[in-house]
Protein chains: 2
Amino acid sequence: MAREPSKSNRSTAGDAAIRDDARVEHARAHCEARRLNFTPQRAAVYRTLLAFNSPVKAYDLLTRMQQDAPGMAPMTIYRALDFLIGAGLIHKIAATASFVPCAHEGAHAHGQVAFFVCQRCGAVDEVEAKDMIHALDRARPHGRGFAMQSIEVHGLCADCIAETSPAQR
Amino acid sequence: MAREPSKSNRSTAGDAAIRDDARVEHARAHCEARRLNFTPQRAAVYRTLLAFNSPVKAYDLLTRMQQDAPGMAPMTIYRALDFLIGAGLIHKIAATASFVPCAHEGAHAHGQVAFFVCQRCGAVDEVEAKDMIHALDRARPHGRGFAMQSIEVHGLCADCIAETSPAQR
DNA sequence: AGTAGCATTGTTATGTTGTCACGTTTCATA
DNA sequence: TATGAAACGTGACAACATAACAATGCTACT
């Protein structure tokens with residue numbers, strides 16, 4: 001699943017890098033429009049997160065960034081991640097203590113997004129959740145005043161079900 | 001987030017202990033019916049978790065249990081918690097890395113429960129979620145084969161909204 | 001009774017994730 | 001240029017979780 005940074009497949013990797021660069025520029029504009037300070041450090045963390053192309057743990061991000069910036073400390077990563085979450089550019093997945101770029105580049109309201117998290121492989125699928133919110137509100141008998149910010153659905157993705165069921169027979 | 005509209009807050013620690021004891025016996029029967037080994041150690045961890053009456057972190061549980069059993073190691077706690085989760089007697093709340101007794105004493109199917117988790121105070125409200133599951137299934141455009149096991153809704157509870165909004169005005 | 005196999009528990013060490021505290025740098029702007 | 005807030009560097013540490021292996025005890029079969 002992980003994309004190797006190998007030198008084969010060069011054109012694909014290059015295309016991905018170009019797409020990531022575009023997303024970084026989009027994020028910069030997003031922050032400028034909100035008077036948020038999209039510093040080089042924050043941009044670098046965001047850029048690195050994009051390159052993984054899958055949910056990333058803070059220390060994996062740190063390890064990767066230390067290749068270019070030896071001595072970088074955990075705090076540096078966590079501060080940048082906090083900023084990016086606040087800006088709506090990334091999300092934290094509690095189930096796996098990992099981070100993913102927002103699939104909508106921050107362009108959704110709070111409480112209108114849901115994550116389907118596979119507990120086996122860690123894959124995350126982010127979907128708009130307006131309809132779900134309504135369904136949840138109706139289905140919930142009490143706790144009326146609860147202000148939803150995100151939903152995590154934990155379970156097994158189709159791929160992992162396919163891989164595990166035969167072994168159990 | 002009280003589950004029942006109590007007539008008064010006069011319930012004593014003694015009453016609570018008696019209720020907890022009943023729940024431990026219920027859990028014992030639950031396990032025996034499933035040929036699961038509800039050992040004294042596991043019972044003790046469950047009993048201690050019940051006594052907190054709120055979401056508990058593993059190390060808080062450890063600290064408490066070390067009062068009676070000095071030298072108890074983290075492994076011991078985590079093993080018991082794993083067993084209790086497997087037995088359906090408790091749930092893990094990923095958002096706060098904490099554990100709560102199942103509000104239904106294990107009497108619900110997998111994928112039919114949702115947790116409303118307050119990100120400020122950590123309070124957890126567990127509700128049956130059959131209706132939500134259907135709503136989620138309908139609202140979700142892709143990820144057809146996803147097998148839901150639990151839902152965590154993250155946000156702010158009514159109490160915390162009441163406490164924070166005046167300060168923000 | 002003997003013993004093989006398994007589940008449970010004990011013990012030590014280690015790995016992983018996240019935060020605190022405090023000092024320094026940067027930079028817009030008054 | 002002063003100065004104050006935001007951002008950043010750094011080291012220590014707190015909190016959360018598991019690996020690995022030893023010891024114990026149960027139980028099922030001979």
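Lettering of chains follows the sequences in order, A, B, ..., and the numbering in each one begins at 1.
- Mapping A:Arg42 and B:Asp60 onto DNA chain D via the closest heavy atom, the residue that lands nearer the 5' end is A:Arg42.
- Look at B:Arg120 and B:Asp159 and you find no salt bridge, because none of the NZ, NE, NH1 or NH2 atoms lies under 4.0 Å from a carboxylate O.
- Rounding to whole angstrom units, CE of residue B:Met72 and C1' of C:dT8 are separated by 13 Å.
- Checked against C:dG18, D:dA17, D:dA7, the side chain of A:Thr39 finds its nearest nucleotide in D:dA7.
- Between A:Arg35 atom CZ and C:dC27 atom P there is a gap of 20 Å when expressed in whole angstrom units.
- Judged by distance alone, the side chain of B:Lys92 and the main-chain N or O of B:Leu81 form no donor-acceptor pair under 3.5 Å.
- Among the heavy atoms of the strands lying under 4.0 Å from A:Met75 is at least one base atom, whether or not backbone atoms are also near.
- Straight-line distance from the CD atom of A:Gln41 to the C1' atom of C:dT26: 13 Å, rounded to whole Å.
- Rounding to whole angstrom units, OH of residue B:Tyr78 and P of D:dA20 are separated by 18 Å.
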Just do the side chain to side chain donor-acceptor pair (under 3.5 Å) check on B:His26 and B:Glu105 with the steps written out, would you?
-> CA-CA 8 Å; B:His26 188 284; B:Glu105 319 250 332; 3.3 Å; yes
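- Using a 30° and 60° split on the angle between ring planes, B:Phe116 and A:Phe146 fall in the perpendicular class, above 60°.
- Between the CG atom of A:Leu61 and the P atom of C:dT16 there is a distance of 16 Å, given to the nearest Å.
- In terms of polar N and O atoms assigned as donor or acceptor, the side chain of B:Arg79 comes within less than 3.5 Å of the base of C:dG10 in a complementary pairing.
- OP1 or OP2 of C:dT17 has not a single side-chain nitrogen or oxygen of A:Lys92 nearer than 4.0 Å.
- More than 12 heavy atoms of other residues, nucleotides or ligands sit less than 6.0 Å from atom NE2 of A:His104.
- In this structure, CD1 of A:Ile85 is placed 12 Å from C1' of C:dG18, rounded to the nearest angstrom.
- Sequence order on DNA chain C of the closest nucleotides to B:Pro74 and B:Leu36 puts B:Leu36 first from the 5' end.
- Distance, A:Asp82 CG to C:dT17 P: 16 Å, rounded to whole Å.
- One interatomic measurement links the two molecules: CD1 of A:Ile77 to P of C:dT16, which rounds to 16 Å at whole-angstrom precision.
- Where A:Tyr59 and A:Thr76 each meet DNA chain D at their nearest nucleotide, the meeting point lying more 5' is that of A:Thr76.
- Considering only side-chain N and O atoms, A:Lys57 lies under 4.0 angstrom from the phosphate OP1 or OP2 of C:dT17.
- Nucleic acid contact class of A:Ala97 (heavy atoms, under 4.0 Å, all strands): sugar-phosphate only.
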